[in-house]
Amino acid sequence: MPELPEAERARAQIEKVLGREIVAVDDRDTYVCRPHAPGEIADALIGHRLTKALRRGKFLWAETDDGPELGLHLGMAGKIVIDGEPHERWDRFVLEFADGSRMALHDRRRLGRALINPDFDHVGPDAAIVSRDVFRERVGRGSMPLKARLLDQRSISGVGNLLADETLWRAKLNPRRPAGELTTDELDHLRRVLRAATRDAIRKGGVHTGDFIKHRKRGAPCPRCATTVERATIGGRTTFWCPNCQP
DNA sequence: ACCTATGTTGATAC
DNA sequence: GGTATCAACATAGG
């Protein structure tokens, strides 16, 4: 259930297999490996080694020694598993290395991606490291609801539904506010809170573990003021917020 | 049994 | 162009 924190964890997993020669690739899932035909990714990667594991927002990629780049995305339910029990049904993309080790994109939902030479032109700067000026410019514009703007990976990347709700709650900002109407001070505050919430989530191992956001259910009380939270669809996603704290 | 859901992409409509 | 909505993917959980 990945957002930026889970993607960072996956990136760290990929680092473990850097430098190992790729001897086999399972790229038979034509949906996950689209637009490639079966065997295309295998032909491009076999004989090469991954040399660097990189991430922007939720998008992952690995560089190789004189070979193409390998792009990976976890979708809604994917994870990177190193040397795990092979799973025929849910291992959607697999690399096997000369030393016998194995890296799988394990994804029950099949919404993950694996592809060669991914194009990230449309992906905005990473939410965890975006500068103050760039954040002001890219987030504080347009008539879209603030929450929808945060979820738009072209504006900034890495924020998913839960991290967006948690961040707006901490920042005491209403998810329906038109993004372009925020003041500079509000945008700066939002950026600080977003970075802090992201760091917290990475430290806790992800936004879905434990109690990252407690009030995300119908009728729940706001942890700050006990007001019953509101629920609505904003930016196409279920949104919870406190009408008292986030006016 | 029915409804909802963590994400992205691409099509379509205003 | 900016914004909004929906379908597609496959499974789990309430």
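Fair warning: this is a prediction, and the values are worked out from it, not measured in the lab. The chains referred to below are lettered A, B, ... by the order of the sequence lines, with proteins before strands, and numbering in each begins at 1.
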Item to check | Distance test, side-chain N/O of A/R149 to OP1/OP2 of C/dT3, below 4.0 Å | outcome: yes
Checklist entry - Looking at residues at least two apart in the chain, or sitting in another chain, which of them share a salt bridge (Lys or Arg N to Asp or Glu O under 4.0 Å) with A/D133? => result A/R136
Next on the checklist: Could you tell me how far apart A/R231 (CZ) and C/dG14 (P) are, to the nearest whole angstrom?
Outcome noted: 15 Å
Next on the checklist: Regarding A/R89, tell me which of base, sugar-phosphate or nothing describes its non-hydrogen contacts under 4.0 Å with the strands shown.
Outcome noted: sugar-phosphate
Checklist entry - What integer number of Å spans the P atoms of B/dT4 and C/dT5? => result 16 Å
Checklist entry - According to a strict under-4.0 Å criterion, is A/R108 in side-chain N/O contact with OP1 or OP2 of C/dA12? => result yes
Checklist entry - Tell me: CZ of A/R154 to C1' of B/dT9, nearest whole Å? => result 10 Å
Item to check | Short side-chain N/O contact from A/H122 to OP1 or OP2 of B/dT9, under 4.0 Å | outcome: yes
Checklist entry - Has A/Q153 got a side-chain N or O lying under 4.0 Å from the OP1 or OP2 atom of B/dG7? => result no
Item to check | Charged tip of A/R176 within 45° of A/W241 ring normal and under 6.0 Å | outcome: no
Next on the checklist: Reading 5' to 3' and counting Watson-Crick or G-U wobble pairs with both distances under 3.5 Å, write the dot-bracket notation for DNA chain B, | for bases paired outside the strand.
Outcome noted: .||||.||||||||
Next on the checklist: Expressed as a whole number of angstroms, how long is the span from A/R218:CZ to B/dC3:P?
Outcome noted: 12 Å
Item to check | A/F240 ring center near A/W169 ring center (under 6.0 Å) | outcome: no
Checklist entry - Rounded to the Å, how far apart are A/R113 CZ and B/dT8 C1'? => result 8 Å
Next on the checklist: Just by distance, no angles: are the side chains of A/R231 and A/T239 close enough, under 3.5 Å, to form a donor-acceptor pair?
Outcome noted: no
Next on the checklist: Taking A/V159 as the starting point, is it possible to reach A/L187 by hopping between hydrophobic residues whose side chains are less than 4.5 Å apart?
Outcome noted: yes
Item to check | A/K58 side chain, from C-beta outward: closest of B/dG7, C/dT11, B/dT9 | outcome: B/dG7
Checklist entry - Does A/R170 pair with A/E166 as a salt bridge, N-O distance under 4.0 Å? => result yes
Next on the checklist: Taking the P atom in each of C/dA8 and B/dA1, what is the distance between them to the nearest angstrom?
Outcome noted: 23 Å
Next on the checklist: Rounding to an integer number of angstrom, what distance separates B/dC3 and C/dC6 when you compare their P atoms?
Outcome noted: 16 Å
Next on the checklist: By the 4.0 Å heavy-atom rule, please label A/G236 as base, sugar-phosphate, or nothing.
Outcome noted: nothing
Checklist entry - Starting at CG of A/N161 and ending at P of B/dT4, how long is that distance when rounded to a whole Å? => result 15 Å
Item to check | Heavy-atom closest pair, residues A/E3 and A/K58 | outcome: C-CG, 4.1 Å
Next on the checklist: Tell me the interatomic distance from A/R237, atom CZ, to C/dA7, atom C1', rounded to whole angstroms.
Outcome noted: 14 Å
Checklist entry - Touch check for A/R34, heavy atoms < 4.0 angstrom, all strands: base, sugar-phosphate only, or nothing? => result nothing
Checklist outcome for this item: Between A/L168 and A/L146 the two heavy atoms that sit nearest each other are CD2-CD2, 3.5 Å
Checklist entry - Rounded to whole angstrom units, what separation is found between the NE2 atom of A/H73 and the C1' atom of C/dA8? => result 16 Å
Checklist entry - Could you give the CG-to-P distance, from A/L151 to B/dT9, as a whole number of Å? => result 14 Å
